Amino acid sequence: MSDDQPEKSCGQCRKQVDALQLGPRKRPSVTDPLVHYGRHFGRTVYALCNFQALLTNGILRMGELVDTPEENFTTEERREHRVFQELLKSVAGLEEHLMQDGGDKVDIIAELLTKGASGARGDDTKSLKGSVLDWITPKGQNLVPPLARNVKIDRSFHHEQTGALLCPAGIDWSNSETKAKLRSGEIIVTGDQWPLFLYADYHYDPEDPWNGLFQSALLVCAYKHVFMSPSSVDREPKATHSGNAQIHRMTQVTLPSVAYIATQVRFALTSSPVFSRTDTITDSERFYNSILDVFEDPDEKQEVDNLIIWWNRQVFPSFSTAQRPLAKNSALARIREKQAQMKELVLVPNSGNGGV
């Protein structure tokens, strides 16, 4: 869906704006349940979404393009349609409204969803800005020099702690020459150069790059902070209201939500004051999409499946327990076994009766 896409897009002549990119900011004044859906959708399905283009292109796919073979669409368009289908599943009755009303209500629906997603992203950005300092400060110590909770100018590669965490895996932060080049901007870090804070214990093994990837304690803290409650990070919940996961009946981790939290933490560690897709310094959009690319890569399925199990054990332990096989000789196992035997007896024809 980018301007320099070499393969001819099936939607090349029908759309001017990519759906999976942020659109212009708007401030709708209408309060609607769609704002509620938009908040959760942005966190758990796709964070940097242009809802206007997503809905318009989705209607086309359900209508005049319904018989178009899947292979005629680009990889980006196929991802966009998967996101659109997730939206239809998330919002009850949305498909009916879109098909009946056509484009009449698309603008209003898109505006409300955008308000929700943008509002949630802004709330999380603001909340994590100060909290991330607590999580990166060594226990019983102080950051030297100290960092302000509400001003980010001294973060990024300007500070030893945030610089070490943002340093791309495979680059030696302890090398003084490398450190100086990162600080001066002589070494430019793009969004697809993943930082060390994504790894467990901030350790990267070039021989096994999946080892510990997306399993850092910093990511888990941020995830619990956003989806459970800020107090859940310390394992002593003190919240007096439901967390986002409970409000939206979320019972398991989604892969896009991991990418979203990683993007938020990365931004919190940088010195950029405002989250923007077009910010070439933080390059947040490329960072977010590069993670999704790996999560959706069929060749990485085994590693990704293991990762989501790991995440569910950290955040939703009851979900992990539910996936375990039944213990042999347990009462429940015997009930299931007897049930299977009864079904088998019903399905097997009576061998004593011969055919006519």
Side-chain angles (χ1 to χ4, degrees), residues 1 18-23 36-51 53-55 57-58 75-91 94 113-114 116-125 128 191-192 194-195 197-198 210 213-216 218-220 222-228 243-245 247-268 275 277 282-298 300-301 303-312 314-316 319:
M1 286 186 285
D18 293 343
L20 303 189
Q21 290 185 0
L22 288 176
H36 172 78
Y37 286 117
R39 290 181 68 85
H40 191 59
F41 189 87
R43 286 171 170 144
T44 59
V45 180
Y46 200 86
L48 310 177
C49 193
N50 183 330
F51 285 101
L54 184 72
L55 294 173
N57 298 335
T75 301
E76 288 291 325
E77 286 174 327
R78 286 195 288 271
R79 173 186 285 174
E80 175 188 311
H81 193 57
R82 286 196 300 272
V83 170
F84 175 71
Q85 290 173 321
E86 285 295 322
L87 180 61
L88 294 184
K89 286 191 285 185
S90 301
V91 184
L94 179 60
L113 290 169
T114 300
S118 299
R121 187 172 58 250
D123 290 346
D124 296 338
T125 298
L128 290 170
D192 53 7
W194 291 351
F197 79 79
L198 296 179
W210 263 107
L213 181 58
F214 302 113
Q215 295 180 7
S216 72
L218 180 55
L219 284 180
V220 175
Y223 199 101
K224 289 182 176 180
H225 179 91
V226 169
F227 287 100
M228 311 308 283
N244 290 312
I247 290 171
H248 296 277
R249 299 180 181 179
M250 184 180 179
T251 58
Q252 57 183 292
V253 171
T254 68
L255 290 168
S257 68
V258 176
Y260 172 76
I261 291 298
T263 304
Q264 284 282 11
V265 171
R266 181 173 177 268
F267 180 75
F275 187 99
R277 170 178 69 83
T282 58
D283 206 12
S284 293
E285 185 174 33
R286 185 188 299 190
F287 176 74
Y288 177 77
N289 283 322
S290 69
I291 296 175
L292 289 186
D293 288 341
V294 171
F295 285 168
E296 295 172 1
D297 187 343
E300 306 295 342
K301 186 178 186 307
E303 297 289 356
V304 172
D305 287 348
N306 291 337
L307 178 66
I308 204 68
I309 291 172
W310 182 90
W311 266 99
N312 279 316
Q314 309 306 308
V315 184
F316 299 105
F319 170 85

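Predicted model, so just to flag it, every value in this text is computed and none were measured. In what follows, every heavy atom counts, from backbone to side chain, and hydrogens, waters and symmetry copies are set aside.
A 4.5 Å side-chain heavy-atom check between W210 and V294 finds at least one atom pair inside the cut-off. Put simply, the side chain of I291 reaches to within 4.5 Å of the side chain of W194, judged on heavy atoms. Inter-residue side-chain proximity for N289 and L292 is flagged as met; some heavy-atom pair is nearer than 4.5 Å. At a threshold of 4.5 Å between non-hydrogen side-chain atoms, the residues Y37 and L94 do not count as touching. Between F227 and V253, the closest side-chain pair of non-hydrogen atoms is not below 4.5 Å. For the pair L255 and I308, the minimum side-chain heavy-atom distance is below 4.5 Å. In this structure, the side chains of Q215 and L307 come closer than 4.5 Å at one or more pairs of heavy atoms. Using a 4.5 Å heavy-atom threshold, the side chains of L48 and T263 count as separate.
To the nearest 0.5 Å, atoms CZ (R266) and CG (L128) are separated by 15.0 Å. Taken from CD in E77 to CZ in F84, the straight-line distance is 14.0 Å, to the nearest 0.5 Å. Atom OG1 of T44 and atom OH of Y260 lie 10.0 Å apart (nearest 0.5 Å). Here the SG atom belonging to C49 is positioned 7.5 Å from the CG atom belonging to L87, to the nearest 0.5 angstrom. Atom CG of residue L113 and atom CG of residue L55 lie 6.5 Å apart, to the nearest 0.5 angstrom. Expressed to the nearest 0.5 Å, how far CG of L219 lies from CD of Q314 amounts to 11.0 Å.
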Pair D124-R43, side chain to side chain contact (heavy atoms under 4.5 Å, CB included): steps then yes or no: CA-CA 10 Å; D124 296 338; R43 286 171 170 144; 2.8 Å; yes
Test side chain to side chain contact (heavy atoms under 4.5 Å, CB included) applied to W310 and F214, step by step: CA-CA 10 Å; W310 182 90; F214 302 113; over 6 Å; no
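The salt bridge (Lys or Arg N to Asp or Glu O under 4.0 Å) check on R78 picks up nothing, with sequence neighbours excluded. A search for salt bridge (Lys or Arg N to Asp or Glu O under 4.0 Å) contacts involving D293 returns R79, not counting sequence neighbours. Residues that satisfy the side chain to side chain contact (heavy atoms under 4.5 Å, CB included) test with D192, not counting sequence neighbours, are T190, R286, S290. With sequence neighbours excluded, no residue forms a ring-ring contact (aromatic ring centres under 6.0 Å, His included) with F197. Checked against ring-ring contact (aromatic ring centres under 6.0 Å, His included), Y288 has the following partners two or more places apart in sequence or in another chain: Y46. For F41, the ring-ring contact (aromatic ring centres under 6.0 Å, His included) partners two or more places apart in sequence, or in a different chain, are F51.
The aromatic rings of F267 and F275 sit perpendicular, their planes meeting at an angle over 60°, well past the 30° parallel limit.
Scanning both residues, L198 and A262, for their nearest heavy atoms gives CD2-CB, 3.8 Å. Across all their heavy atoms, P256 and V45 have their closest contact at CB-O, 3.2 Å. Smallest separation of non-hydrogen atoms from A117 and G42: CB-CA, 4.2 Å.
Of the candidates Q252, M228, M250, M228 is the only one forming a side chain to side chain contact (heavy atoms under 4.5 Å, CB included) with V315.
The backbone N or O of Q264 sits nowhere less than 3.5 Å from a side-chain atom of R121 that would complete a donor-acceptor pair.
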